[in-house]
There are 2 protein chains.
Amino acid sequence: MVSNRFDQQPPPVNIGEIARLAGVSRSTVSYALSGKRPISDRTRQRIQQVIEDRGFQPNASARALAHGRTRTLGLVFPTVSRRYTDMQLDFINSVVDAAAAHDHDILLSRSDGEGDDSFRRLVGERRVDGALLMEIRAPDSRVEPLVRSGFPFVSMGHTADTATLSWVDLDFAELTAACVRHLGRLGHRHLALVGRPRELYDAGYVPALRGRTGFLRATSELGLTGEVHHCGDDADSGQAVVARLLDRDPRTTAVVTLNEAALVGLYRGLGLAGRSVPGDFSVTGVAAARWAEAVTPMMTGADVPSDLMGRLAVDLLLERLDAPAAAPRQHLLTPPLTPRASTGPAPDRN
Amino acid sequence: MVSNRFDQQPPPVNIGEIARLAGVSRSTVSYALSGKRPISDRTRQRIQQVIEDRGFQPNASARALAHGRTRTLGLVFPTVSRRYTDMQLDFINSVVDAAAAHDHDILLSRSDGEGDDSFRRLVGERRVDGALLMEIRAPDSRVEPLVRSGFPFVSMGHTADTATLSWVDLDFAELTAACVRHLGRLGHRHLALVGRPRELYDAGYVPALRGRTGFLRATSELGLTGEVHHCGDDADSGQAVVARLLDRDPRTTAVVTLNEAALVGLYRGLGLAGRSVPGDFSVTGVAAARWAEAVTPMMTGADVPSDLMGRLAVDLLLERLDAPAAAPRQHLLTPPLTPRASTGPAPDRN
DNA sequence: ATGAAAGCGCTAACAC
DNA sequence: GTGTTAGCGCTTTCAT
């Protein structure tokens with residue numbers, strides 16, 4: 001046993017100690033802290049003084065046990081996503097900040113539902129008051145057990161149960177459709193969709209699915225051809241998909257992309273294929289502004305408002321916690337296309 | 001008050017209920033769960049049965065209060081880093097997984113130390129058993145209060161107190177030096193360092209500082225010129241820094257970069273400046289393999305082992321928790337340069 | 001305006 | 001091998 005600077009663990013001050021030193025009862029200290037009943041100025045000041053002297057801070061576990069609230073929210077990612085994407089990172093960030101603004105903390109968990117240890121700890125052991133489900137899929141194994149147990153949650157993305165659950169989502173169908181219409185107006189007749197990795201579709205990842213639906217519907221409504229392509233979440237895959245889509249339909253003059261991580265590679269691939277953007281090829285889609293602006297020429301597209309979404313999700317969840325009986329609410333967002341420099345008139349082909 | 005599916009909150013089962021149904025005392029149930037004292041097979045089975053029937057799971061707050069351990073670790077980012085970098089994302093991921101492997105959860109916090117609400121909740125209210133400090137700086141306002149209070153923590157990156165604290169770090173000085181020596185062997189005489197954003201240096205961000213030191217020492221030892229440049233954490237800044245460094249010393253034929261997010265832009269800038277990699281310009285540095293492999297030609301460099309580092313940090317912290325009196329330990333990692341395609345002999349200049 | 005006391009749900013020392 | 005009981009540190013009725 002080596003002696004070191006960690007030895008001097010200070011005695012943990014508790015509310016009883018404060019009460020004793022201030023010459024009052026524990027309940028008085030508690031009420032002085034919560035303000036839930038009137039305390040004379042004199043006593044309050046004395047208590048305040050002692051609290052500051054001893055640096056007292058109420059123990060969170062005790063408080064949670066007595067009060068029934070942990071003031072902690074769970075942020076639950078499915079295990080399929082091995083790595084977080086940039087967009088998810090933004091969410092984590094905004095969720096942490098939004099929660100902090102309400103004196104809440106965020107507990108991170110990667111789990112798929114009931115069978116999962118982490119999930120059990122989170123909801124079963126009541127480590128958190130509510131959960132935020134990231135990367136929602138349909139069906140999503142996390143949803144059913146939560147609904148059944150009445151555990152409060154908000155999902156990022158929505159499944160079939162639109163009206164009975166609380167969620168925040170981007171209207172991917174409408175966003176891709178808007179991209180298609182934009183390209184249609186510019187005269188493009190042969191489009192391609194650059195989607196997310198095949199695994200996500202197989203896993204029922206909703207945004208990807210809805211994006212595809214919107215794309216197919218819009219192209220068919222406008223009488224355009226539209227080929228759908230999967231694409232890995234990385235630059236190399238983006239580069240590779242260009243060759244595939246030009247091979248599948250050489251007439252293609254524009255793409256709509258839902259894959260921001262592949263964007264850099266997409267441009268690289270187009271360069272290699274001898275297509276210049278936006279001269280003879282247009283690119284648009286849905287991505288964080290940061291990605292859209294990282295490429296040259298910068299991409300025209302719908303910017304994902306991660307910050308807003310994180311904040312809305314936290315607000316919705318806290319709302320549920322405060323009023324469990326109130327009707328669930330939803331936010332379906334449709335950010336406008338931000339015009340940049342990656343789309344132009346379809347090249348002449350006669 | 002609208003009625004909905006959330007109304008049916010099931011009565012929370014507790015250990016007393018289980019004891020009653022199994023016809024034993026609460027302590028017996030507790031011991032059956034923990035295995036801390038022998039239980040007859042018959043009783044254990046009966047208890048087990050009831051537990052499964054009612055889906056009982058011990059309440060985490062109560063357990064934490066009684067046992068003095070929350071089984072939660074805090075992951076603390078300073079507020080300066082507005083967004084997480086890719087590397088930090090990898091850490092978050094690996095830390096969450098490593099913690100989960102030991103039945104622990106991760107609480108996220110953005111805070112700079114004592115004055116901070118989030119920090120107070122975390123350590124003051126004892127929401128977590130220990131903390132992992134990300135993005136350590138020198139001086140770091142989070143360190144002193146923690147040391148003073150004897151709160152267990154491990155930092156990613158190390159400050160002056162090398163031997164008395166627990167930390168995991170990359171030997172940035174040695175890594176940049178290795179890059180310089182590599183370039184020196186290839187005949188390059190005029191180098192530049194592409195660093196991190198100026199704010200990080202100003203904030204005393206240690207990896208950035210040590211990287212600079214190693215670069216300057218190695219270049220001077222080898223009689224090479226070496227110019228240091230700050231660079232924002234994004235592609236555009238990477239592109240911009242190329243112009244700056246070629247302007248400062250037009251003889252420059254190689255760079256060492258510590259800035260992975262700027263890498264794509266760095267390549268783009270070199271292309272615009274008419275330098276081909278590795279024909280007439282070499283690029284090397286420290287970055288996650290994913291980034292090094294995202295560029296063409298792929299970057300030769302030291303790959304950051306985020307996964308390993310996250311795991312080591314969690315192990316170190318749990319070690320501290322189990323044996324607070326043991327001497328602190330450290331891991332200083334020096335991953336080897338992975339040869340790829342971005343470095344070559346210095347171009348002839350006569 | 002304040003105090004006493006009964007929990008919150010669990011663990012563990014102390015019986016037997 | 002099992003039960004009894006006293007906490008863990010706080011909140012909140014119920015008294016006064």
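Note that the structure is predicted; figures quoted are calculated from it, not measured. Chain A is the first sequence line, chain B the second, and so forth, proteins listed ahead of strands; every chain is numbered from 1. Side chains included, hydrogens not; waters and symmetry mates left out as well; all remaining heavy atoms used.
If you take OG on A:Ser109 and CG on A:Leu133, they are separated by 9.5 Å, rounding to the nearest 0.5 Å. Residue B:Asp129 holds its CG atom at 13.5 Å from CZ of B:Arg320, rounded to the nearest 0.5 Å. Between A:Arg37 atom CZ and A:Tyr31 atom OH the span is 5.0 Å, to the nearest 0.5 Å.
Ranked by how close their nearest DNA chain C nucleotide is to the 5' end, A:Ser27 and A:Pro38 are led by A:Pro38. Place B:Thr43 and A:Arg26 on DNA chain D by their nearest nucleotides, and B:Thr43 ends up nearer the 5' end. Nearest-nucleotide positions on DNA chain D place A:Ala62 closer to the 5' end than the other of A:His67 and A:Ala62.
B:Ile47 places its CD1 atom 15 Å from the C1' atom of C:dC10, with the value rounded to the nearest Å. A:Arg126 places its CZ atom 14 Å from the C1' atom of C:dC8, with the value rounded to the nearest Å. Whole-Å rounding puts the B:Leu65 CG to C:dA12 C1' distance at 14 Å. Atom OH in A:Tyr31 sits roughly 11 Å away from atom C1' in C:dG3 (whole-Å rounding). The nearest whole Å value for the distance from the CZ atom in A:Arg46 to the C1' atom in C:dA1 is 12 Å. When the P atom of C:dG9 is taken as reference, atom CD of B:Glu17 falls 11 Å away, rounded to whole Å. Here the C1' atom of nucleotide C:dA4 and the CD1 atom of A:Ile15 are 14 Å apart, to the nearest Å. With rounding to whole Å, B:Arg37 atom CZ is found 11 Å from C:dA12 atom P.
With sequence neighbours excluded, the residues forming a salt bridge (charged side-chain N to carboxylate O under 4.0 Å, His left out) with B:Asp140 are B:Arg137, B:Arg142, listed by chain and number.
Reading DNA chain D from its 5' end, the first and the last nucleotide to sit under 4.0 Å from a heavy atom of chain B are D:dG1 to D:dG9.
Contact between the side-chain N/O atoms of A:Thr28 and the OP1/OP2 oxygens of C:dG3 is found at a separation under 4.0 Å. Residue B:Asn59 places no side-chain N or O under 4.0 Å from the OP1 or OP2 atom of C:dG9. Within the structure, a side-chain polar atom (N or O) of B:Ser30 is placed less than 4.0 Å from OP1 or OP2 of C:dT11.
Counting non-hydrogen atoms under 4.0 angstrom, A:Ser34 reaches nothing in the nucleic acid.
Judged purely by distance below 3.5 Å, without hydrogens or angles, the side chains of A:Gln45 and A:Asp41 never pair a donor atom with an acceptor atom. Residues A:Arg121 and A:Ser111 have side chains that never bring a donor and an acceptor to within less than 3.5 angstrom of each other. With hydrogens and angles left out, the side-chain atoms of B:Asp112 and B:Ser141 include no donor and acceptor closer than 3.5 Å.
The backbone N or O of B:Thr70 lies less than 3.5 Å from no partner atom in the side chain of B:Arg127, so there is not a single donor-acceptor pair. When atom types are taken as modelled, the side chain of B:Gln57 and the backbone of A:Arg120 share a donor-acceptor pair closer than 3.5 angstrom.
From one end of the helix from C:dA1-D:dT16 to C:dC16-D:dG1 to the other, with five pairs defining each end axis, the axis direction shifts by 40° (rounded to 10°).
In this structure, A:Gly157 and A:Ile136 approach most closely via the heavy-atom pair C-CG2, 3.1 Å.
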